[in-house]
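The structure follows.
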Amino acid sequence: MALEHISNCPLCENTSFSPYLETEDFTVSHGTFQIVRCNKCQLLITNPRPSAASIGQYYDSTAYISHHDDTGSLLATAYNQVRKLTTRQKIRTLEHYTGKLPKTILDIGCGTGYFLSECQQSGWEIEGTEPDADARKAAEQKTGRQLAASIQEASLQDRPFSAITLWHVLEHIHELNPTLEWLSKHLDPKGTLFIAVPNPESVDAQKYRKYWAAYDLPRHLYHFTKATMEKLLTKHHFQLIEIKNMLFDSYYVSLLSTRYQYGKNRPFEGFISGTLSNLQGFGINNASINTSSLLYIIKKK
């Protein structure tokens, strides 16, 4: 299948890139893809990549857990159990940062709707987007709401949200800058934007290299470090308030990375690797936090 080549860095418009890493799509196609690094701003980009029109087939697998509520495999079971634990924590974080604002939330890339459903039960007025039709249907059944395929649908225009969330979604979006512009326009002036993404500078990323599951090529189009994420936010007039560890992600990513590396589950090794990554990446401030996934808490300037 033909891939599209990125000639200009979406963060700084530079046209010069250096090879960073080549790895396999371990989930769906088993093809080989490359990550390059911008020579000016250091943004890591999957390049070349599937186009927006063709990338859907790379999600077409029951192995892609966020689009299914599968409970059959060890990893799927672990994912679903951890999701229950972390969702309540996410909602507490939302409520802490949105304060007394109306409880209105837009979850972009809501998958099968588990998080949105829990928000709804906690008294939030919910909206969500999900491009995958099957996952969106599952989310609509959970929430009893009609959800949008994208942020461009008419139902989402001309209204502000107190909270907008992207849980491991921004790295999937082809139109990076237009999306950040849309977020700025639709976030309440006192609202909060929550963006969670994998961290390629984490200990587990350095350990597993091309087997690191959170590269997830070619579905992940960008691989944000703390520095490049802050540059992107500054470009779009956002202010980074805080970075939080996402400790459970280290275990899931390490378990999956170990399977990619050895061709079979090695849960004990994955658990040890996740623990070491959290211990070495745990921090008390934005500068020292370096775990497998990071949650960026963001306000408008």
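Note: hydrogens, waters and symmetry copies are ignored here, and every other heavy atom, side chains too, is used. Here, residue 1 is the first one in the sequence, and each next residue gets the next number.
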| Audit row: Arg37, Leu43, side-chain contact (heavy atoms from CB on, under 4.5 Å) steps and yes/no | CA-CA 6 Å; Arg37 178 159 49 195; Leu43 179 66; over 6 Å; no
| field | Between Asp249 and His168, a side-chain donor and acceptor under 3.5 Å | value | yes
| Do the side chains of Ile105 and Thr165 get nearer than 4.5 Å, heavy atoms only? | yes
| With ring centroids as reference points, do Tyr59 and His172 lie under 6.0 angstrom apart? |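 Yes, the ring centres sit under 6.0 Å apart.
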| field | Close side-chain approach of Phe194 and Leu166, heavy atoms under 4.5 Å | value |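 In short, these two side chains do not touch, never coming nearer than 4.5 Å.
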| Quick check: does any side chain N or O of Asp25 sit under 3.5 Å from a backbone N or O of Val28, one acting as donor and the other as acceptor? | yes
| message | Between Trp124 and Glu118, do the side chains contain a donor N or O and an acceptor N or O under 3.5 Å apart? | response | no
| Do Asn8 and Asn14 get their side chains close enough for a donor-acceptor pair, meaning under 3.5 Å? | no
| said: Any heavy-atom pair between the side chains of Lys300 and Lys190 that's under 4.5 Å? | reply: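 Result no, sub-4.5 Å side-chain heavy-atom pair not found.
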| task | Any chance you could lay out the salt bridge (Lys or Arg N to Asp or Glu O under 4.0 Å) test for Arg49 and Glu4, step after step, and finish with the verdict? | result | CA-CA 5 Å; Arg49 68 190 191 184; Glu4 63 179 19; 2.8 Å; yes
| field | Trace of the salt bridge (Lys or Arg N to Asp or Glu O under 4.0 Å) decision for Lys40 with Glu13 | value | CA-CA 9 Å; Lys40 182 178 180 182; Glu13 295 298 323; over 6 Å; no
| said: Around atom CD of Glu230, are there more than 12 heavy atoms from other residues, nucleotides or ligands closer than 6.0 Å? | reply: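 Open.
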| Donor-acceptor contact present, side-chain Arg145 to main-chain Ile126, <3.5 Å | yes
| If you group Ile, Leu, Val, Met, Phe, Trp and Tyr by side-chain heavy-atom gaps below 4.5 Å, do Tyr222 and Ile35 land in one group? | yes
| Any side-chain heavy-atom pair of Asn265 and Thr258 under 4.5 Å |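 No, too far: nothing below the 4.5 Å cut-off.
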| Are a donor atom and an acceptor atom from the side chains of Tyr215 and Thr46 found within less than 3.5 Å of each other? |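 No, no side-chain donor-acceptor contact under 3.5 Å.
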| task | With side chain to side chain donor-acceptor pair (under 3.5 Å) as the test, would you mind laying out the steps for Gln261 and Trp212 before giving the verdict? | result | CA-CA 9 Å; Gln261 184 171 11; Trp212 190 53; over 6 Å; no
| task | Report, as yes or no, whether the 6.0 Å neighbourhood of atom NZ on Lys235 holds more than 12 heavy atoms from other residues, nucleotides or ligands. | result | yes
| Quick one: does Lys142's side chain get under 4.5 Å of Leu116's, heavy atoms only? |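 Lys142 vs Leu116: side chains apart.
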| query | Do Thr228 and His223 get their side chains close enough for a donor-acceptor pair, meaning under 3.5 Å? | reply |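 No - no donor-acceptor pair under 3.5 Å links their side chains.
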| said: If only side-chain N and O atoms count, and only distance matters, is there a donor-acceptor pair under 3.5 Å linking Thr192 with Lys299? | reply: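 Distance-only check passes for Lys299 and Thr192.
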| request: Using a 4.5 Å cut-off on heavy atoms from C-beta on, say whether the side chain of Ser162 contacts that of Lys103. | output: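 Not touching, per the 4.5 Å side-chain cut-off.
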| task | Assess Lys90 against Trp167: is NZ or CZ under 6.0 Å from the centre of the six-membered ring, and within 45 degrees of the ring's axis? | result |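 Because its charged atom sits under 6.0 Å from the ring centre and within 45° of the axis, Lys90 does stack over Trp167.
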| field | Among Asn245, Asp204, Asn278, the one residue meeting side-chain hydrogen bond (donor to acceptor under 3.5 Å, both in side chains) with Ser250 | value |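 When side-chain hydrogen bond (donor to acceptor under 3.5 Å, both in side chains) is applied between Ser250 and each of Asn245, Asp204, Asn278, only Asn278 qualifies.
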| said: Under a plain distance cut-off of 3.5 Å, with no hydrogens placed, do Tyr211 and Glu24 share a side-chain donor-acceptor pair? | reply: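 Looking only at side-chain atoms, Tyr211 and Glu24 do not form any donor-acceptor pair under 3.5 Å.
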| Working for side-chain contact (heavy atoms from CB on, under 4.5 Å), residues Thr225 and Gln42 | CA-CA 9 Å; Thr225 64; Gln42 309 302 304; over 6 Å; no
| Going by distance alone, is a donor N or O of one side chain under 3.5 Å from an acceptor N or O of the other, for Ser257 and Ser254? |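 Per modelled atom types, Ser257 and Ser254 side chains form no pair under 3.5 Å.
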| Under 4.5 Å between any side-chain heavy atoms of Ile173 and Leu221, yes or no? | no
| query | When the ring centroid of Phe271 is compared with that of Tyr251, is the distance short of 6.0 Å? | reply |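 Yes, close enough.
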| said: Could you tell me if Arg88 and Ser122 have a donor-acceptor pair between their side chains, going purely by distance under 3.5 Å? | reply: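 Checked: Ser122/Arg88 side chains pair up, N/O donor to acceptor below 3.5 Å.
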| For the ring pair His186 and Phe161, is the centre-to-centre distance below 6.0 Å? |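 Distance test on ring centres: not under 6.0 Å, no.
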| field | No-hydrogen, no-angle side-chain donor-acceptor test under 3.5 Å, His236 and Asn177 | value | yes
| Does a side chain donor of either Asn39 or Ser18 reach within less than 3.5 Å of an acceptor in the other side chain? |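 Yes, side-chain donor-acceptor contact under 3.5 Å.
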| request: Would you indicate whether Tyr20, at its atom OH, is surrounded by more than 12 heavy atoms from other residues, nucleotides or ligands within a distance under 6.0 Å? | output: yes
| field | Which residues share a salt bridge (charged side-chain N to carboxylate O under 4.0 Å, His left out) with Lys244, sequence neighbours left out | value |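 Partners of Lys244 by the salt bridge (charged side-chain N to carboxylate O under 4.0 Å, His left out) criterion, ordered by chain and then number, come out as Glu242.
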| With a 4.5 Å heavy-atom cut-off, do Ile108 and Leu183 have their side chains touching? | yes
| request: Mind listing the closest non-hydrogen atom pair of Ser51 and His174 along with its distance? | output: C-NE2, 3.3 Å
| message | Glu175: which residues meet the salt bridge (charged side-chain N to carboxylate O under 4.0 Å, His left out) condition with it, sequence neighbours left out? | response |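 Partners of Glu175 under the salt bridge (charged side-chain N to carboxylate O under 4.0 Å, His left out) test: none.
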| task | Check the pair Thr27, Tyr260 against side chain to side chain donor-acceptor pair (under 3.5 Å), reporting the backbone distance first and the verdict last. | result | CA-CA 9 Å; Thr27 306; Tyr260 291 168; 3.2 Å; yes
| Cluster link Leu180 to Leu11, ILVMFWY, side chain under 4.5 Å | yes
| said: To check you understand the geometry: which heavy-atom pair defines the closest contact between Thr98 and Ala163, and what is its length? | reply: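 Residues Thr98 and Ala163, closest heavy atoms: CG2-CB, 3.9 Å.
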| request: Given side-chain contact (heavy atoms from CB on, under 4.5 Å), test Phe33 with Thr23 step by step and report yes or no. | output: CA-CA 6 Å; Phe33 297 89; Thr23 189; 5.8 Å; no
